[in-house]
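Every chain is numbered from 1, with letters handed out A, B, ... down the list of sequences.
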Amino acid sequence: MDTLPLLLGTAWLLPLASFALILLFGSRMGKAGRGAGFVATAAIVAAFVLSATALTVWLSAHPIEAPAGHSSATADSAEHGAAAKENHAADTHASAGETTAAKKIIPPVAGDWYELGAFGTKRITIGYYIDALTIAMFFMVTMVASCIHIYSFGYMHEELSEVTDHQVTLASGQHLHRRGRFHRFYQYLSLFCFSMLGLVIAGNIAMVFVFWELVGICSYFLIGFYIERKSASNAANKAFIVNRVGDFGMIIGLMAVWTGMGTFSFGDYEMKDAQGRETMRPGIFSQARPAGNDFQLQAPDGMVKFAKRDEIAEIVQKSENAADAELQIEKRIDGWRKDGFGYGWLIVAGLGIFCGCVGKSAQFPLHVWLPDAMEGPTPVSALIHAATMVAAGVYLVGRFYPVFTPEVLMVIAYIGCITLFIAATMALVATDIKRVLAFSTVSQLGYMMLALGFGGWLAGIFHLFTHAFFKALLFLCSGSVIHATHTNEMPRMGGLLKKMPYTGITMLIGCLAIAGAGIPWIIGLSGYYSKDFIIAQGLVYQHANPLHGWLFYFSVAGAGMTSFYMFRLWYMTFLGTPRDKHVYDHAHESTPSMLVPLVILAVMSVISGWKVPFTNLELPALLTQAIPSGTEEGAVSNLTKFYIPAEHLSHESGVHFFATGIAFLMALLGFVLATAFYGTKRLDPNDARRTFATLYRIFIHKWYFDEAYQKIFVRPALAISGWIAWLDKNGLDWIADNSARLMGLCARLDDWFDRKFVDRLIDLVAAGTYRLGIRLKALQTGSLRQYVMLLAVGLAALFMIMNFYWNFAMSKM
Amino acid sequence: MIMAEYLIPYISPWLAYLLVGLVQCGLLLTVVLLVAAVCNWLERKVSARIQDRLGPTRTGGRFGWLQSPADGIKLLTKEDLVPAAADRRLFLIAPYVSFAISLAVYLAIPWAGGNAFSADPQKAHDWTCVRLDAAVFFIMAVSGLEVFGVILGGYASGSKWSLYGAMREAAQVISYEIPLGLCVVIPVLIAGTMDLVQMGNQQSGWFWNWYLLHDPFTFATFWIYITCAVAHTNRAPFDLPEAESELVAGFLTEYSGFRWTIFFMAEYGAMFAISALAAILFLGGWNGPIPVAQILGLTWEHGAIAGYAGDVLGFCNLFAKASAGVIFMMWLRWTLPRLRIDQVMTTCLKYCLPLASIMLAGVLAWNFTLPGRMFFGISPGSPPRMEKQAETMDESSSEGVAVSLSRDPQERIANWQFQIANCKLND
Amino acid sequence: MATDHYPHMPPINWPSVFFLFFAITACAFAVAVVVTGNIVRMACYLVVSLSAVAGLFFLAGAEFLGAAQLLVYVGGTMVLLVFGVMLTAQGPFVSMRTGGGQWVMALLIVCALAVILISVSTIVPAWNKPLPANEKPVASTASESARLGMGLLGLRTERLESPPDPAAGGMSGYLLMFEIISVHLLVVLIGAAYLARARRRKDEG
Amino acid sequence: MELLTQPIGLSHYLVVSALLFVCGVACMATKRNLLGVLMGIELVLSGANLNFVAFGSPYLQSKSLGMDGQMIALFVIVLAAAEAAVALAIALNYYHTHATVDVDKADELKG
């Protein structure tokens with residue numbers, strides 16, 4: 001299997017070559033650097049071809065077997081047949097936990113290209129780690145990137161000539177004139193593709209970190225592409241700084257891994273020991289989940305030893321020689337591990353790595369940078385801030401999944417849930433078309449995190465893929481609209497379907513896909529499948545942990561909101577009467593170079609959940625090959641007593657049936673509401689806005705996160721410096737002056753207190769009682785329907801309480 | 001459904017079931033449509049006879065028997081009008097609602113008894129679409145629904161006359177449902193079951209086994225039932241909802257052509273159904289006045305062919321009785337003048353309802369004092385019902401927990417205990 | 001039988017098909033009741049929905065109950081319909097439309113309730129699965145409605161068949177409840193008549 | 001397809017009844033017409049009845065409620081009829097005094 005590293009390695013380095021070429025000769029390539037686009041596009045298309053070849057190679061080496069008994073309806077009904085019986089038997093065998101013989105573990109292709117340095121037994125290398133996930137990511141990233149490269153020819157054509165930026169006004173009162181930057185745009189795109197592919201192929205966590213930062217800097221460059229605009233440079237700074245916060249956590253995680261495991265490598269690797277013999281040394285995954293322990297999670301030796309370092313020092317002091325001490329430590333290490341030493345470090349490592357993912361994937365509380373990142377050109381938003389880079393956080397969680405303890409997964413689930421909910425609420429009210437999509441991206445990323453936290457590795461990663469396709473599609477469509485109308489504001493659009501039919505219809509497909517449309521239980525667009533996986537996993541999780549059932553309900557609510565805001569967007573943009581005559585007259589359908597990628601992506605977002613006819617080939621089945629060993633059976637947290645359910649439980653027909661039903665019901669509700677408000681105009685949005693005035697205010701201000709960060713972090717920094725200056729000027733003088741004044745004040749205060757306070761206390765009690773009565777009076781509104789609603793709310797609350805706590809008590813018994 | 005299993009080797013199962021289902025639906029539909037067509041012709045002939053005329057004589061020969069198809073073609077070719085003020089959707093759908101419901105009644109009506117005391121209901125071979133445990137109740141419930149289409153049609157027409165007609169219909173039908181229900185309860189009480197097949201089979205034998213002649217009270221009940229049935233189906237003299245002299249044509253005012261025809265077919269279907277119910281409840285159902293089938297040995301004890309032949313005979317019997325009921329209703333229509341609306345309600349609430357209640361009490365008293373006596377209490381020959389029931393119980397076939405009415409409380413308890421023991425034996 | 005000839009295609013389970021038909025009809029028309037504004041149409045849809053529920057009763061083996069549902073509920077709805085026609089003014093100044101905000105609020109609450117109820121109704125794994133074939137009840141020849149009748153008269157026949165379970169209570173049926181309900185119905189009849197009586201005397205006096 | 005080939009479980013009934021119930025609540029909460037509210041109540045009750053019947057059906061569960069399920073449902077139907085009678089009488093009275101059946105107008109006793 002040396003072909004795979006060769007193929008993927010080439011695919012990875014091609015964009016680097018393109019970057020280098022454009023960097024050196026970019027401005028001289030064709031007229032105004034037009035050739036740069038061709039170079040970059042050729043590189044990424046070649047990379048795509050290589051990735052596709054790699055996928056074929058992989059599939060021919062590891063063909064996908066027929067789905068196991070409970071995973072699909074067809075197999076379920078075929079259980080009568082004799083052929084299915086064998087299959088079923090094999091399946092039950094595997095799920096019984098006998099991982100050694102019956103279950104086929106597909107070993108990843110791991111190895112090193114180059115050694116950067118070795119420090120005793122430890123070393124840092126440039127390596128690769130290729131499994132089904134890597135291959136699929138390569139395929140997806142290069143495909144989306146190819147589409148976006150082609151699309152950018154149309155979108156960025158203004159940059160080929162002299163540009164007048166109307167959004168920048170110089171001190172002279174004129175708009176800015178500058179040279180076009182077509183080649184520079186492609187130069188950054190190439191760099192980004194190189195970094196992203198490197199991040200995916202990386203064989204060790206240190207390499208991941210390096211490319212992690214590289215994609216970060218690409219993001220910074222591209223957000224600030226229109227650097228002369230104040231808002232763009234601010235947004236770029238914000239993205240960069242907020243990401244540093246996450247990276248800080250990631251560095252802590254890296255230190256914990258380095259200290260505890262002594263290596264950064266994911267897979268096992270060969271190394272010369274002191275005697276010069278080649279020995280296999282365990283990588284991160286083998287240390288966290290050794291085959292000897294049935295692939296179950298345990299604290300690695302290094303972490304246990306680190307946690308007990310005082311005692312080890314004592315042992316070493318007491319024993320005569322080193323070998324003896326070693327022996328003694330070996331003897332006691334299992335006991336320590338059983339007592340839970342070292343487990344805490346595992347949590348620290350997991351949380352640290354996840355911190356990085358929070359920053360990159362724009363999860364709560366570091367989600368604030370992504371909406372502002374929409375200052376960049378739209379293809380960039382599609383590629384970097386929707387399809388690939390922000391999904392890298394999810395990818396890393398998926399890659400590092402074997403090392404995460406159940407407690408860390410719970411944190412992930414909670415963060416994901418909060419993110420998905422607040423982002424969805426913001427998307428409900430936003431009017432900037434790209435911002436709606438940005439909030440939607442944050443929300444969907446939260447979904448993926450939530451799924452991973454639920455124990456649904458496959459669900460989360462599958463959604464990552466389908467989301468990449470349809471979100472890239474949606475962004476490109478919005479780019480097409482913006483390109484045609486020169487505005488981002490949806491209230492100024494409307495009725496564009498007639499002018500831009502291709503864009504409108506492909507965007508409708510994207511909306512349907514993200515809303516999870518389909519014919520329930522029969523067939524659907526890609527989002528229908530991946531969302532079902534997540535909801536089903538949530539249902540199982542809720543049954544296993546009634547106490548954390550809130551997560552499930554929020555995810556269901558999120559599904560409804562997704563459908564609502566997406567269709568709201570579509571209706572406001574494409575249907576209805578044109579609200580701005582000027583914009584409408586100006587609008588036109590985009591050039592073919594922009595439409596072709598739209599069609600390709602639309603097709604992908606329809607079919608990427610389907611099975612290739614006459615074969616067993618489907619995306620989830622491919623990804624199933626990459627599920628980390630030992631995580632399939634779920635886990636139990638020893639610290640807080642909750643369960644991560646096994647993922648195959650969620651594929652049982654009963655659970656899946658109801659999950660599909662719930663997901664479809666919520667999507668339908670969102671669609672119906674959106675239609676009622678924006679499609680048929682039966683209901684008035686202003687009416688709803690008045691009814692929920694407080695909520696609307698919170699949503700439109702993005703839950704006041706920016707304001708809060710401004711108040712908590714930025715202002716204090718400024719204020720503290722201000723204070724010190726002020727103290728310097730007037731400090732001591734002021735004390736002397738005012739101590740005298742204070743005495744007078746005290747006397748007056750006493751007088752005031754006597755009159756105002758003591759006297760009025762009694763008055764206040766009376767007035768308070770009176771006011772309380774007036775307030776309570778309003779409760780009896782006499783509105784029958786309101787009473788009914790309160791009744792329903794009470795009922796829902798009662799059910800929830802029963803559901804969570806009664807079951808919880810039952811489970812304790 | 002048995003037919004479907006024969007078909008399964010040749011075509012795929014779901015298709016077989018679908019096909020057989022469709023065939024059965026088609027049969028039922030044909031019966032109702034034929035009944036309606038024949039009734040239409042009959043009505044003209046009967047009315048003509050009563051008014052000393054000839055009626056249709058030209059279309060299709062001497063008896064004018066092609067008159068109904070000719071009328072049908074005429075109505076089908078008429079324009080389908082919808083008034084501007086109408087609630088269009090409801091207006092269009094109302095006739096079909098009425099018709100579908102009138103058709104649904106036929107689901108539970110047995111046309112022949114089959115193997116009278118078969119242990120296994122699956123092998124009873126009774127001529128019923130769906131043999132229901134509570135068939136009487138079902139028919140009452142569904143036939144009460146028929147008014148629904150009329151109300152919808154009346155409301156949706158957007159005309160005052162139609163609305164008046166519909167309101168009258170609602171008031172009338174809902175009121176008459178109460179005495180009608182009371183009348184139906186009486187045979188149910190005697191039979192101890194609501195299964196129409198069992199009720200019909202309990203009246204087998206000579207005509208004095210009919211519930212009509214069970215005792216004086218049932219005899220009176222039959223006439224109350226007929227009165228209420230006429231009112232329930234909106235036939236003259238109770239045809240207030242479409243009173244031409246007052247309301248143009250009542251709820252039918254705005255209807256024309258095909259939809260009007262549908263309403264009419266629904267009415268005839270309902271008439272026929274309620275007559276068939278009367279025949280089963282009071283007139284022995286498929287059992288003729290003289291048990292010809294039994295005398296000739298055409299019963300299921302003598303093999304399936306004889307059984308089927310007997311059933312065909314029974315079907316003819318029931319059909320004849322039901323047709324007689326329909327002709328009786330026509331006779332009433334062309335002889336009696338129409339009542340006023342207040343008179344209609346008075347008839348129901350002041351006469352029919354108290355009378356039916358008294359009859360109920362009377363039948364109860366009669367059964368307590370003279371249990372098991374047939375033919376006005378004289379009982380010529382032993383009642384076959386008791387005999388057969390006892391037999392079947394010995395065979396532990398369990399004809400169900402029938403509530404039998406007995407004079408002596410001790411005896412009643414003993415009877416229960418016997419049946420309970422019977423239940424236990426079955427398990 | 002059918003499986004022998006068509007091993008690749010499991011036979012269609014007809015009760016399930018009918019269940020699906022009735023269930024979808026019931027739910028769809030229930031939603032239509034909520035959505036439509038015209039009171040007569042609402043009643044019309046309600047009748048269809050309730051009839052479909054009666055069909056579900058038939059499928060669950062409760063024939064008497066199904067017929068009772070048709071007779072009582074649907075008849076009751078008919079009266080509602082008549083009242084709807086009588087009492088709903090069609091005048092141009094009377095609007096009974098509900099505002100958009102209230103619709104949204106109601107829908108939100110109700111959908112929350114729906115999700116909770118549905119997830120609760122699937123929470124017990126045994127409920128999700130159909131009854132195993134070996135536990136199918138033997139088709140009882142004893143009439144179900146006769147059993148109901150005996151139950152109302154104070155005798156529970158099904159308890160006779162199985163050994164008495166002390167936890168499930170004794171043999172006594174529902175005679176007391178039956179009587180209470182009878183009296184209750186009488187009271188309601190009189191009360192309703194009193195409430196709804198026409199006050200002509202006052203107008204004349 | 002598996003829905004068509006497999007027997008129905010108890011959950012399916014419960015889901016249908018939940019949907020009916022919820023539709024009824026929605027109807028009560030959104031209709032301003034008193035009769036519409038009544039229809040909502042009918043829907044709610046029929047949803048509850050379906051629950052009882054499903055739990056009492058021997059075809060869905062080996063250990064069912066038995067006859068109790070049907071019996072309770074029967075009583076509910078009867079009581080619903082009684083409730084409808086009284087409610088209609090109230091509606092009629094309300095119409096006599098207010099000349100409308102809009103429930104939002106019936107807030108004279110509000111605080």
**Message:** Restricting to non-hydrogen atoms, name the atom on C:A192 and the atom on D:A89 that form the minimum distance, rounded to 0.1 Å.
**Reply:** O-CB, 3.6 Å
**Prompt:** By a 4.5 Å heavy-atom criterion (distance strictly below it), what part of C:F29 contacts chain D: side chain, backbone, both, or neither?
**Reply:** neither
**Fill in**
Closest heavy-atom pair, C:H184 versus D:A82, reported as atoms and distance to 0.1 Å, is CE1-CB, 4.0 Å
**Message:** Tell me which of these, D:A87, D:A81, D:S46, has more heavy-atom pairs under 4.5 Å with chain C than the rest.
**Reply:** D:S46
**Request:** Nearest 0.5 Å please: distance from the CE atom of C:M42 over to the CG atom of D:N33.
**Result:** 7.0 Å
**Request:** With rounding to the nearest 0.5 Å, note down the distance linking CG in D:L14 to CG in C:L117.
**Result:** 10.0 Å
**Which atoms of D:F21 approach chain C - backbone, side chain, both or neither, heavy atom under 4.5 Å** = side chain
**Request:** Working to the nearest 0.5 Å, report the span between CG of C:L195 and CG of D:N93.
**Result:** 5.5 Å
**Fill in**
Correct closest heavy-atom pair for C:T36 and D:K31 would be O-NZ, 2.7 Å
**Prompt:** Are any non-hydrogen side-chain atoms of D:E42 and C:L50 less than 4.5 angstrom apart?
**Reply:** yes
**Message:** Set out, in order, the CA-CA distance, both residues' side-chain angles and the distance that settles side-chain contact (heavy atoms from CB on, under 4.5 Å) for D:L74 and C:F64, then state yes or no.
**Reply:** CA-CA 9 Å; D:L74 192 63; C:F64 186 83; 4.0 Å; yes
**Request:** Check whether any side-chain heavy atom of D:Y13 lies under 4.5 Å from a side-chain heavy atom of C:L59, and answer yes or no.
**Result:** yes
**Request:** Pick one of side chain, backbone, both or neither for C:L65, based on which atoms fall under 4.5 Å of a heavy atom in chain D.
**Result:** both
**Item:** Residue C:V35 versus chain D: region with a heavy atom under 4.5 Å
**Value:** backbone
**Request:** Please determine, among C:A30, C:A26, C:A54, the option with the most heavy-atom pairs under 4.5 Å with chain D.
**Result:** C:A30
**Asked** Of the listed residues (C:A106, C:G61, C:A60), which shares the most heavy-atom pairs with chain D below a 4.5 Å separation?
**Response** C:A60
**Complete:** Under 4.5 Å to a heavy atom of chain D? For C:A43 that would be both
**Message:** With side-chain contact (heavy atoms from CB on, under 4.5 Å) as the criterion, how do D:L20 and C:V53 come out once you've worked through the C-alpha distance, each side chain's angles and the decisive distance to 0.1 Å?
**Reply:** CA-CA 9 Å; D:L20 282 179; C:V53 172; 3.4 Å; yes
**Request:** Heavy-atom distances under 4.5 Å only: say whether C:I116 touches chain D with side chain, backbone, both or neither.
**Result:** neither
**Complete:** d(C:M105 CE, D:T30 OG1) to nearest 0.5 Å is 13.0 Å
**Message:** Could you tell me if the side chain of D:V78 sits less than 4.5 Å from the side chain of C:F178, heavy atoms only?
**Reply:** no
**Prompt:** Measuring heavy-atom distances to chain C, does D:A26 have an atom under 4.5 Å in its side chain, in its backbone, in both, or in neither?
**Reply:** both
**Message:** With a 4.5 angstrom heavy-atom cut-off, is it the side chain or the backbone of D:Y94 that approaches chain C, or both, or neither?
**Reply:** neither
**Prompt:** If we only count heavy atoms from C-beta on, is the D:M39 to C:I39 side-chain gap below 4.5 Å?
**Reply:** yes
**Item:** Interface moiety of C:L56 toward chain D, non-hydrogen atoms closer than 4.5 Å
**Value:** both
**Asked** How long is the span from the CD atom in C:E63 to the CD atom in D:Q70, to the nearest 0.5 Å?
**Response** 9.5 Å
**Fill in**
Interatomic distance, CG@C:L152 vs CZ@D:F75, rounded to 0.5 Å, equals 5.5 Å
**Closest non-hydrogen atom pair, C:V188 against D:V86** = CG1-CG2, 3.6 Å
**Request:** Over 60° means perpendicular and under 30° means parallel, so classify the ring planes of D:H12 and C:F19, tilted if in between.
**Result:** perpendicular
**Message:** Checking D:S57 now: which residues fulfil side chain to side chain donor-acceptor pair (under 3.5 Å) with it, not counting sequence neighbours?
**Reply:** none
**Message:** Please classify the contact of C:S119 with chain D as side chain, backbone, both or neither, using a heavy-atom distance under 4.5 Å.
**Reply:** neither
**Asked** Which heavy atom in C:A23 sits nearest to a heavy atom in D:V16, and how many Å separate them?
**Response** CB-CG2, 3.5 Å
**Fill in**
Correct closest heavy-atom pair for D:A18 and C:I118 would be CB-CG1, 4.4 Å
**Prompt:** Can you name the residues that form a side chain to side chain donor-acceptor pair (under 3.5 Å) with C:S49, not counting sequence neighbours?
**Reply:** none
**Asked** Top residue by heavy-atom pair count (under 4.5 Å) with chain C, among D:L19, D:V15, D:I77, D:L38?
**Response** D:I77
**Message:** I'd like to know which of D:N51, D:L45, D:I90 tops the heavy-atom pair count under 4.5 Å against chain C.
**Reply:** D:L45
